[in-house]
Amino acid sequence: MKVFLIGANGQVGKHIVQLLKDSDSHTLKAMVRNEEQAEALKQSGVDAVVANLEGSVDDIAEAMNGSDAVIFSAGSGGKTGPDKTLLVDLDGAVKSMEAAEKVGANRYIMVSAFNARNRDSWINSPIKPYMVAKHYADRILSASNLNYTIVGPGLLLNEPGTGKVIAGKDLESGSIPREDVAKTVVAVLDEENTYRKTFDLISGENTIEDALKGLK
């Protein structure tokens, strides 16, 4: 599968880059925001392109052209305001879905947020604008014709991954290393039991493979 990764320079994205770079079954094209980031990736042997989620759908589609699958792991970041959250995490995500449909990249993996589908869960959240953006981006994706999977990780940690997770809905809140989120996202690509499904993800006792195969 030819995979187009949006958000390759993010903290989860960097783990995804390494996993796909070493993959025998997938190839990677990484999308980043500036030439400096792209050059660093190219120096490490990664095919990288510069495109902006605040740009046009046509520009994103041009960068994405030739891909079979899209992983959206981008974000406006915690240091920006609600305006950037709206422009990147919502509108940018939707533009990437439109671009995927335009170029025929039918498989689409969204790195979302824990329980983003449930408004009541984030009514008093300090990152409410982000949760709102993820909620509506996910709703638009699930209503699209794309073969989607939406992964909502819990509190993200920088510690090494364990390879053990819990995947499902109605989970108790929890945390998970970014490395394990990346491993799950890559495993999801061709796991048919995740097609057109939404689930949350935290650390647990199951292997990633077993957790994905056990999804209802």
Side-chain angles (χ1 to χ4, degrees), residues 1-23 25-55 59-60 63-64 67-80 84-85 87-97 99-100 105 107-114 116 127 130 133-134 137-138 141 148-161 163 165 175-190 194 200-201 208:
M1 208 179 288
K2 297 175 182 176
V3 181
F4 187 77
L5 172 61
I6 301 173
N9 205 50
Q11 294 188 76
V12 173
K14 287 177 179 177
H15 287 291
I16 297 173
V17 166
Q18 197 58 51
L19 291 166
L20 289 175
K21 182 182 171 185
D22 297 337
S23 172
S25 52
H26 305 300
T27 60
L28 170 65
K29 184 192 288 187
M31 174 180 147
V32 289
R33 285 178 288 186
N34 62 56
E35 291 290 351
E36 185 179 353
Q37 294 170 349
E39 188 57 35
L41 284 164
K42 290 173 184 176
Q43 290 291 332
S44 69
V46 174
D47 182 12
V49 292
V50 176
N52 193 332
L53 289 170
E54 295 182 55
D59 287 347
I60 298 168
M64 191 185 291
S67 302
D68 304 309
V70 176
I71 297 173
F72 188 95
S73 186
S76 57
K79 296 179 181 178
T80 60
K84 283 292 184 183
T85 301
L87 292 170
V88 174
D89 298 276
L90 177 51
D91 192 45
V94 175
K95 285 177 184 174
S96 74
M97 297 168 204
R107 187 77 177 105
Y108 191 108
I109 319 300
M110 171 66 78
V111 180
S112 184
F114 189 86
I127 55 169
Y130 172 76
K134 298 307 275 185
D138 293 353
L141 176 57
Y148 69 87
T149 302
I150 298 169
V151 183
L155 179 66
L156 295 169
L157 306 174
N158 284 325
E159 61 194 45
V165 302
S175 59
I176 185 167
R178 287 178 168 88
E179 183 180 1
D180 284 338
V181 177
K183 288 179 178 178
T184 302
V185 167
V186 172
V188 153
L189 277 166
D190 41 21
T194 69
D200 291 325
L201 187 73
I208 290 169

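Just so it is clear, the values below take in all heavy atoms, side chains as well, and ignore hydrogens, waters and symmetry mates.
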- Message: Please check if the number of heavy atoms outside Lys84 that lie under 6.0 Å from its NZ is greater than 12.
- Response: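 No, the 6.0 Å shell around NZ holds no more than 12 heavy atoms from other groups.
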- Could you note down all residue pairs passing salt bridge (Lys or Arg N to Asp or Glu O under 4.0 Å) where residues 178-190 supplies at least one of them, sequence neighbours left out?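 Residue pairs passing salt bridge (Lys or Arg N to Asp or Glu O under 4.0 Å), neighbours aside: Glu179-Lys183.
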- Message: Under the salt bridge (Lys or Arg N to Asp or Glu O under 4.0 Å) definition, can you give me all pairs with a residue in residues 5-19, not counting sequence neighbours?
- Response: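 Of all non-adjacent pairs touching residues 5-19, none passes salt bridge (Lys or Arg N to Asp or Glu O under 4.0 Å).
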[X] and [Y]: which non-hydrogen atoms are nearest, and at how many Å?
X: Val88; Y: Ser76; answer: CG1-N, 3.8 Å
X: Leu189; Y: Arg107; answer: O-NE, 2.9 Å
X: Ala137; Y: Ala93; answer: CB-CB, 4.1 Å
X: Ala105; Y: Ser67; answer: CB-O, 3.5 Å
X: Lys134; Y: Ser112; answer: CE-CA, 3.4 Å
X: Ala113; Y: Asp200; answer: O-OD1, 4.1 Å

- Message: Which residue in the set Val185, Val186, Leu28 passes side chain to side chain contact (heavy atoms under 4.5 Å, CB included) when paired with Leu19?
- Response: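 Answer after filtering Val185, Val186, Leu28: Val186.
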Is [Y] close to [X] at the side-chain level, that is, under 4.5 Å between some pair of heavy atoms?
X: Met64; Y: Met31; result: no
X: Thr85; Y: Leu90; result: no
X: Asn52; Y: Asp59; result: no
X: Asp89; Y: Tyr130; result: yes
X: Ile109; Y: Val70; result: no
X: Phe72; Y: Leu53; result: yes

Would you say the side-chain atoms of [X] pair up with the backbone N or O of [Y], donor to acceptor, closer than 3.5 Å?
X: Asp68; Y: Lys2; answer: yes
X: Ser23; Y: Ser25; answer: yes
X: Ser73; Y: Val12; answer: no

- Task: Would you check, one step at a time, whether the test side-chain contact (heavy atoms from CB on, under 4.5 Å) holds for Val151 with Val111?
- Result: CA-CA 5 Å; Val151 183; Val111 180; 5.6 Å; no
Side-chain donor-acceptor pairs under 3.5 Å in residues 42-51, sequence neighbours left out?
unit_1	atom_1	unit_2	atom_2	d
Gln43	NE2	Glu39	OE2	2.9
Ser44	OG	Leu41	O	2.7

- Message: Does Tyr148 form a side-chain contact (heavy atoms from CB on, under 4.5 Å) with Thr194? I'd like the steps, not just the answer.
- Response: CA-CA 8 Å; Tyr148 69 87; Thr194 69; over 6 Å; no
- Task: Examine the side chains of Ser96 and Tyr108 and answer whether a donor and an acceptor come within less than 3.5 Å of each other.
- Result: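 On atom types as modelled, these side chains qualify, holding a pair under 3.5 Å.
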- Query: side-chain contact (heavy atoms from CB on, under 4.5 Å) between Leu157 and Ile176: does it pass, once the steps are laid out?
  - Reply: CA-CA 6 Å; Leu157 306 174; Ile176 185 167; over 6 Å; no
- Message: Could you go through Lys29 and Leu5, starting from their C-alpha distance and side-chain angles, then the distance that decides it, and tell me whether this counts as side-chain contact (heavy atoms from CB on, under 4.5 Å)?
- Response: CA-CA 6 Å; Lys29 184 192 288 187; Leu5 172 61; over 6 Å; no
- Got a second to check how far Ile16's CD1 is from Ile6's CD1, nearest 0.5 Å?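 Answer for the CD1-CD1 pair, Ile16 versus Ile6, is 11.0 Å.
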- Is any side-chain N of the basic residue among Asp91 and Lys95 closer than 4.0 Å to the acidic one's carboxylate O?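 Judged by the 4.0 Å cut-off on N to carboxylate O distance, Asp91 and Lys95 do form a salt bridge.
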